[in-house]
Peer 1: 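So that we are looking at the same thing, I have put the structure below in structure tokens.
As the structure is a prediction and not an experimental result, all values here were calculated from the model. Letters A, B, ... are given to chains in the order of the sequence lines, protein chains preceding strands, and every chain is numbered from 1.
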2 protein chains.
Amino acid sequence: MGIVSRKEREKEEMRQLILGAALKLFREKGYDGVSIRNIAEAIEYSPATIYLYYKDKSEIFFALQYEAAAVKRDHIMPVVEIENPWERLVEFGRRYIDFGMKHPDLYDLLFITLTPMESMENQECWKLGIATHSFFVETVQACVDARYFKSTDTETIAYTLWCHAHGLVSLFVRERMRMYPEEKREELARKSFAMIVKMAENL
Amino acid sequence: MGIVSRKEREKEEMRQLILGAALKLFREKGYDGVSIRNIAEAIEYSPATIYLYYKDKSEIFFALQYEAAAVKRDHIMPVVEIENPWERLVEFGRRYIDFGMKHPDLYDLLFITLTPMESMENQECWKLGIATHSFFVETVQACVDARYFKSTDTETIAYTLWCHAHGLVSLFVRERMRMYPEEKREELARKSFAMIVKMAENL
DNA sequence: AAAGATAATGAACAGTGTTTAGTAAATGCA
DNA sequence: TGCATTTACTAAACACTGTTCATTATCTTT
């Protein structure tokens, strides 16, 4: 273990230090509410130092987006163990929504925040998201193959279910449920999930 | 028509001038992409003049949010003429989605952008939104009363349908459909709307 | 210990939202 | 009409922002 490897390790530690501080601050104040100077202050370095590890603010954002995608994967992926495709699909939906409710900031990062155009090239993150999405579509396909639905339009079924789940979470995350009393919102979300499952049963 | 009324008229014209320029710029560059200086330059006044008509940038945002709510109302409200509640509900949904697709910037303003807390007190806008939402819920209630559904849980039915429509539009607006080729996205949205209508039929 | 590479920073640039002090023009009143 | 007052406007400043760069300090190699 030479000096170069120690240097690399230290460099990686510094990147994690920056990312950790950034995530904490982004959670509290949102992407636009946090400045490079804030992050620098949190880790007790000068603002210019940040630029030695990340080329600009958006690159910090993308690094976090990647981590968010990983958290989401870990939150949802246990469902691969479920062999029955219908049960797997329902549990996938439940966990997708649960992830969004438990990590609104990460969900926001992944599915709501408008990202600069470079995000396309951010292959690491994109690949992770595509993988989870593909698994979801494959599960729907498995349901179709097993004749769980009358319809055989896998793509539209998957998209429709995703629309519901995403709509549910994002109305929550972006606080568009103020017409419902706070303590009823989660219950309403649960009931709605149960309802879409019932609707999907005779789809 | 005295001098005071002319002054009031001129004041209102100035406010409209600011709002018009702001909307145009917000559409092009988004809320955060536009500065007070940009708006001032567009109307050929100094930045400080803006503050004589709006107390800060967020107040311009709220004024636009109100106008967006009015556009949405005008886009959707023709459905009050439809007497059959089920047909009225379906057409409401179609027009809601159509509004979102045609005016992504306004939809964003109304349902996605994180608004400061004062938005609660922005009663004008809030009232308009609540009115349209209430009309939607009442239409669902009319369907329930007319035994169009097996379920009688009006609140959950309304919320579930809203989740789907909002999810559909906001995935579109915030560009989370890159895994589908561009030319197929609208078709997919149409198919999904047809599917949720079918699902709702035997709800 | 000297030379070279690396890490960190202070200061600056151009931008932001917002406030204030001051000017110039329009108005009300004598 | 002439003068005082109100109104409309703005230049300049303040405290921020993301980002860059010349300079300094530290660590590594010879």
Peer 1: Please give me every residue in residues 44-54 of chain B whose heavy atoms get under 4.0 Å of an atom in DNA chain C, ordered by residue number.
Peer 2: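 Result for residues 44-54 of chain B: Ala48(B), Tyr51(B), sorted by number.
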Peer 1: Considering only heavy atoms from C-beta outward, does the side chain of Tyr66(A) approach that of Lys127(A) to under 4.5 Å?
Peer 2: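 A side-chain contact under 4.5 Å is absent here.
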Peer 1: Taking the side chain as every heavy atom from C-beta outward, state whether Phe99(A) and Val71(A) have any atom pair closer than 4.5 Å.
Peer 2: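 They are in side-chain contact.
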Peer 1: What is the separation between atom CZ on Phe61(B) and atom C1' on dT18(C), rounded to the nearest whole Å?
Peer 2: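 In whole Å, dT18(C) C1' and Phe61(B) CZ are 19 Å from each other.
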Peer 1: Nearest whole Å is fine: how far is dA7(C) P from Ile43(A) CD1?
Peer 2: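 Between P of dA7(C) and CD1 of Ile43(A): 15 Å.
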Peer 1: A side-chain contact here means heavy atoms from C-beta on lying under 4.5 Å apart; do Leu128(B) and Lys72(B) qualify?
Peer 2: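 Result no, sub-4.5 Å side-chain heavy-atom pair not found.
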Peer 1: Glu59(B) CD to dG17(C) C1': how many Å, rounded?
Peer 2: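 In whole Å, dG17(C) C1' lies 14 Å from Glu59(B) CD.
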Peer 1: Any chance NZ of Lys198(A) has more than 12 other-residue heavy atoms, nucleotides or ligands included, within less than 6.0 Å?
Peer 2: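 12 or below, so no.
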Peer 1: Measure from CD on Glu13(B) to C1' on dA8(D) and round the result to the nearest Å.
Peer 2: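 So the CD-C1' distance, Glu13(B) to dA8(D), works out to 15 Å.
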Peer 1: dC9(D) C1' sits how many Å from Glu10(B) CD, rounded?
Peer 2: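 After rounding, the reported distance stands at 14 Å.
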Peer 1: Does a salt bridge link Arg94(B) with Glu91(B), judged by any charged N lying under 4.0 Å from a carboxylate O?
Peer 2: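 Yes, this pair counts.
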Peer 1: Could you state the CD1-P distance from Ile39(B) to dT16(C), rounded to the nearest angstrom?
Peer 2: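 Answer to the nearest Å: 11 Å.
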Peer 1: Between Lys184(A) and Glu155(B), does at least one N-O distance fall below 4.0 Å, as a salt bridge requires?
Peer 2: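 Yes.
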Peer 1: With heavy-atom distances below 4.5 Å as the criterion, would you say the side chains of Gln141(B) and Asp145(B) are in contact?
Peer 2: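 They are in contact (side-chain heavy atoms under 4.5 Å apart), so the answer is yes.
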Peer 1: Write out a two-atom table: protein N or O, nucleotide N or O from nucleotides 15-17 of chain D, distance below 3.5 Å.
Peer 2:
{"residue": "dT17(D)", "atom": "OP1", "partner": "Ser35(A)", "partner atom": "OG", "Å": "2.9"}

Peer 1: How many whole angstroms separate atom CG of Asp56(A) from atom P of dC21(D)?
Peer 2: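 Between P of dC21(D) and CG of Asp56(A): 14 Å.
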Peer 1: Locate the shortest heavy-atom distance separating Leu64(A) from Leu23(A); write the atom from each residue and the value.
Peer 2: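 Scanning both residues, the minimum pair turns out to be CD2-CB, 3.7 Å.
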Peer 1: Identify, with sequence neighbours excluded, every residue that meets salt bridge (charged side-chain N to carboxylate O under 4.0 Å, His left out) alongside Lys191(B).
Peer 2: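 By the salt bridge (charged side-chain N to carboxylate O under 4.0 Å, His left out) rule, Lys191(B) matches Glu187(B).
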Peer 1: Between dG17(C) atom C1' and Ile60(B) atom CD1, what is the distance in whole Å?
Peer 2: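 These atoms are roughly 11 Å apart.
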